[in-house]
Amino acid sequence: MKSFIKYYNEIKPLYQNKLDLTKKFQEIPSLFSESVSKLLENIYGEEEVDRKLVESYVEFDPDKEPYFKLKKELMNFLVEDWTDSDLPSILEKMAKAAYARYKHIIEDHDRTETFRME
């Protein structure tokens, strides 16, 4: 089984920092898809991954676990690594972190209102 955890560990600090600094729940889906795209670019290389295209294939879904969806085109690209690596669990970790921040912002209504007034 392949492991891509070293690539995740490379992007994790910046990803977590950006999540922590996010003030609006509407920003989380794009941050998640951008970060997944960056991860895949690190794994497969810039010549294999079109970041903007991949971003459009990744969807944050706060309504249902595992909190993300990948379009068929991306699944076709990842086919072997999706079934024989830790990539699914890495994306689940990333999605759970995004969901936790999303939920925190939604539930912290008073602070959210304060940010909106600024």
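Count residues from 1 along the sequence.
At least one side-chain heavy atom of L78 sits under 4.5 Å from a side-chain heavy atom of L40. The shortest side-chain heavy-atom distance between K96 and K93 does not fall under the 4.5 Å cut-off. Residues W82 and L70 have side chains in contact (heavy-atom distance under 4.5 Å, counting atoms from C-beta outward).
Taken from CD in E59 to NZ in K71, the straight-line distance is 7.5 Å, to the nearest 0.5 Å. Separating the CG atom in N42 from the CG atom in N9 is a distance of 12.0 Å, to the nearest 0.5 Å. One distance of note links NZ of K38 with CD of E10; it measures 9.0 Å at 0.5 Å rounding. In this structure, the separation between CG on D108 and CD1 on I106 is 11.0 Å, given to the nearest 0.5 Å. To the nearest 0.5 Å, atom CG of residue D81 and atom CE of residue M1 are 10.5 Å apart. Atom-to-atom distance recorded for Q26:CD and L31:CG is 13.5 Å, nearest 0.5 angstrom.
The aromatic rings of F4 and Y44 sit tilted, their planes meeting at an angle between 30° and 60°.
When every heavy atom of M94 is checked against every heavy atom of Y15, the shortest pair comes out as O-OH, 2.7 Å. The minimum heavy-atom distance between K69 and D61, with the atom names listed, is CE-OD2, 3.1 Å. For the pair T22 and I105, the tightest heavy-atom approach, listed with the atom from each and the gap, is O-CD1, 3.5 Å. Minimum heavy-atom separation, R51 to E34: NH2-O, 4.5 Å. Shown here for I43 and L87, the closest heavy-atom pair between the two residues is CD1-CD1, 4.0 Å. Here the shortest heavy-atom pairing between A95 and P66 reads CB-O, 3.3 Å.
With R101 contributing its side chain and I28 its backbone, the two residues share no donor-acceptor pair below 3.5 Å. A donor-acceptor pair under 3.5 Å is absent between the side-chain atoms of S37 and the main chain of S33, judged by distance alone.
Not counting sequence neighbours, Y8 has no partner by the ring pair (Phe, Tyr, Trp, His ring centres under 6.0 Å) test. Residues that satisfy the ring pair (Phe, Tyr, Trp, His ring centres under 6.0 Å) test with Y102, not counting sequence neighbours, are F25, F60. The side-chain hydrogen bond (donor to acceptor under 3.5 Å, both in side chains) test applied to S3 returns D86, not counting sequence neighbours.
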Exercise. Start with the C-alpha gap between Y57 and K72, add the side-chain angles, then the distance that decides, and say whether side-chain contact (heavy atoms from CB on, under 4.5 Å) holds.
Key: CA-CA 8 Å; Y57 292 161; K72 184 179 174 183; over 6 Å; no
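Heavy atoms from other residues, nucleotides or ligands lying under 6.0 Å from CD of E46 number 12 at most.
Residues L14 and V58 are members of separate hydrophobic clusters, defined by side-chain heavy-atom contacts under 4.5 angstrom among Ile, Leu, Val, Met, Phe, Trp and Tyr.
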